[in-house]
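One structure is given here, and the rest of the page talks about it.
Letters A, B, ... are given to chains in the order of the sequence lines, protein chains preceding strands, and every chain is numbered from 1.
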There are 2 protein chains.
Amino acid sequence: MGRHREFDVEKALDAILCVFWSKGYEGASYTDLTEAAGVERPALYSAFGNKEALFAHALDRYYERYLNYIPDALQKPTSREVAAHMLYNAIDLNTRYPKHTGCFNITGLLAGSNDAEPVRQMLIDVRARGEALFRERLERAKAEGDLPETAKPDALAAYLMAVLHGMAVQAKAGFSRETLEAVAEQALATWPAKSS
Amino acid sequence: MGRHREFDVEKALDAILCVFWSKGYEGASYTDLTEAAGVERPALYSAFGNKEALFAHALDRYYERYLNYIPDALQKPTSREVAAHMLYNAIDLNTRYPKHTGCFNITGLLAGSNDAEPVRQMLIDVRARGEALFRERLERAKAEGDLPETAKPDALAAYLMAVLHGMAVQAKAGFSRETLEAVAEQALATWPAKSS
DNA sequence: TCGTTACTATAATGATCGGTATGAAATTTG
DNA sequence: CAAATTTCATACCGATCATTATAGTAACGA
């Protein structure tokens with residue numbers, strides 16, 4: 001019994017996600033968040049918990065809603081196609097919305113006060129999980145003969161993630177989609193050839 | 001006439017630089033800054049101006065004191081050596097100090113409230129100047145025949161900067177020097193060969 | 001229609017933010 | 001020495017931070 005919630009929790013979280021995406025964790029104030037969500041403060045607390053929990057909800061949603069191309073990419077037949085799909089989907093994501101360029105995760109990962117350390121660690125952990133998935137995919141590729149025996153999956157995964165993170169920074173610095181595509185093209189030029 | 005300054009302005013700025021390096025602009029409070037500098041608030045204001053000016057001083061000093069390898073790197077005879085020196089010096093810088101890993105510039109560039117927008121723009125501009133220097137060096141290399149006629153200096157410069165920025169992110173995520181060296185090695189594997 | 005429930009919105013909490021007024025201490029000038 | 005001037009440490013400023021207590025109200029079961 002009792003009154004039902006008036007606002008759409010999903011829509012509110014979507015709006016909040018965009019604010020964190022643009023400003024990071026501490027850069028986003030509750031004034032920003034409530035304005036974007038169209039919902040007052042206590043409603044956010046009752047629906048999501050405190051700011052850290054709210055950010056965690058937004059992070060989950062980011063992976064589920066915007067980084068959903070990663071599972072698809074990992075299923076591509078060759079490691080080169082996997083890498084290419086990761087790169088070009090990331091470029092699209094990093095430049096599609098002028099109000100929040102770059103990557104939600106990377107934006108929040110770098111700077112912050114001591115209070116924000118748990119949040120930074122959360123982002124570091126999630127990032128590492130993504131890289132691990134990619135590394136495992138490359139290990140499979142090596143086992144399948146899609147990558148040469150000399151290939152080092154861990155180094156290759158770290159390398160591609162570096163390019164992805166670098167493009168997230170550059171998107172924040174205002175890079176166009178076209179420039180980032182040239183970066184991706186150059187990155188793929190290094191990809192090891194099949195051993196066959 | 002009047003009383004002499006008791007604290008060492010240069011040492012104070014060095015200490016402050018490290019705080020901004022670790023926490024970014026807004027993540028560093030005056031409490032953090034005065035503790036690190038061993039100097040009270042009004043002294044910082046009289047010596048450097050407000051927080052934004054203080055950050056600008058720290059940024060200048062960062063380039064002059066820690067990024068001084070860039071002019072040297074640009075003078076290397078071949079573009080490949082230029083790129084290699086930029087990469088390996090950046091790795092050293094990004095991992096040498098456990099208290100402030102990564103890059104001062106990139107750390108402050110991504111996140112921030114609306115109030116911090118001028119600071120972010122400052123960092124974006126400085127970053128762009130660095131990339132422009134590198135691009136001009138690559139154009140010279142192309143003119144000299146050190147790069148093939150098909151090489152695109154702007155894309156190549158953006159690519160290498162992406163790797164550098166990505167490594168700055170990864171250093172913040174705790175990557176070891178060895179892992180970043182593997183990333184650099186992979187990045188250099190893509191470098192265009194001489195046309196001769 | 002009534003009592004209960006849980007929402008909404010307002011406003012206030014203590015803490016901390018960047019920035020500064022204040023007066024004592026220190027040094028040069030006369 | 002005394003006057004003038006600058007730096008120092010302390011304490012305070014209004015604004016804003018995340019968070020929550022309070023009060024009002026809409027929606028439910030009975």
Side-chain N or O of B/Ser46 closer than 4.0 Å to phosphate OP1/OP2 of D/dT7: no
Residue-phosphate contact under 4.0 Å: A/Tyr30 side-chain N/O, D/dT19 OP1/OP2: yes
base_contact_polar (C/dT27 base, B/Arg3 side chain, donor-acceptor, <3.5 Å): no
Sugar-phosphate only, base, or nothing, as touched by B/Glu6 at under 4.0 Å among non-hydrogen atoms: sugar-phosphate
Rounded interatomic separation in angstrom, taking CD from A/Glu26 and P from C/dA15: 19 Å
Touch class at under 4.0 angstrom, heavy-atom based, for B/Thr31 against every strand present: sugar-phosphate
Gap between atoms CG and P, on A/Leu44 and C/dA9 respectively (whole Å): 11 Å
Intermediate values then yes/no, ring pair (Phe, Tyr, Trp, His ring centres under 6.0 Å), B/Phe55 and B/Phe104: CA-CA 11 Å; B/Phe55 186 83; B/Phe104 180 105; 5.2 Å; yes
Ring centers of B/Tyr159, B/Phe134 separated by less than 6.0 Å: no
Separation of atom CZ in A/Phe55 from atom P in D/dA18, rounded to whole Å: 13 Å
Touch class at under 4.0 angstrom, heavy-atom based, for B/Tyr25 against every strand present: nothing
Sugar-phosphate, base or nothing in reach of A/Tyr45, heavy atoms under 4.0 Å: base
Gap between atoms CG and C1', on B/Asp32 and C/dT16 respectively (whole Å): 11 Å
Donor-acceptor pair (no angle test) under 3.5 Å: B/Arg5 side chain, D/dT6 base: no
Gap between atoms NZ and P, on B/Lys23 and C/dT16 respectively (whole Å): 13 Å
Side-chain N,O (B/His4) to OP1/OP2 (C/dT28) below 4.0 Å: yes
d(CG, A/Leu54; P, D/dC17) in whole Å: 15 Å
Sugar-phosphate only, base, or nothing, as touched by B/Ala28 at under 4.0 Å among non-hydrogen atoms: sugar-phosphate
Given DNA chain D, 5'-ward residue of the pair A/Pro42 and A/Ser29, judged by closest heavy atom: A/Ser29
Rounded distance in Å - CZ (A/Arg41) to P (D/dA18): 7 Å
Electrostatic pair B/Arg127-B/Glu131, nearest N-O below 4.0 angstrom: yes
Side-chain (B/Lys51) to main-chain (B/Tyr25) donor-acceptor, under 3.5 angstrom: yes
Ring-ring centroid check B/Tyr30 B/Tyr45, cutoff 6.0 Å: yes
Nucleotide D/dG24, atom P - distance to CD of A/Glu40 in whole Å: 17 Å
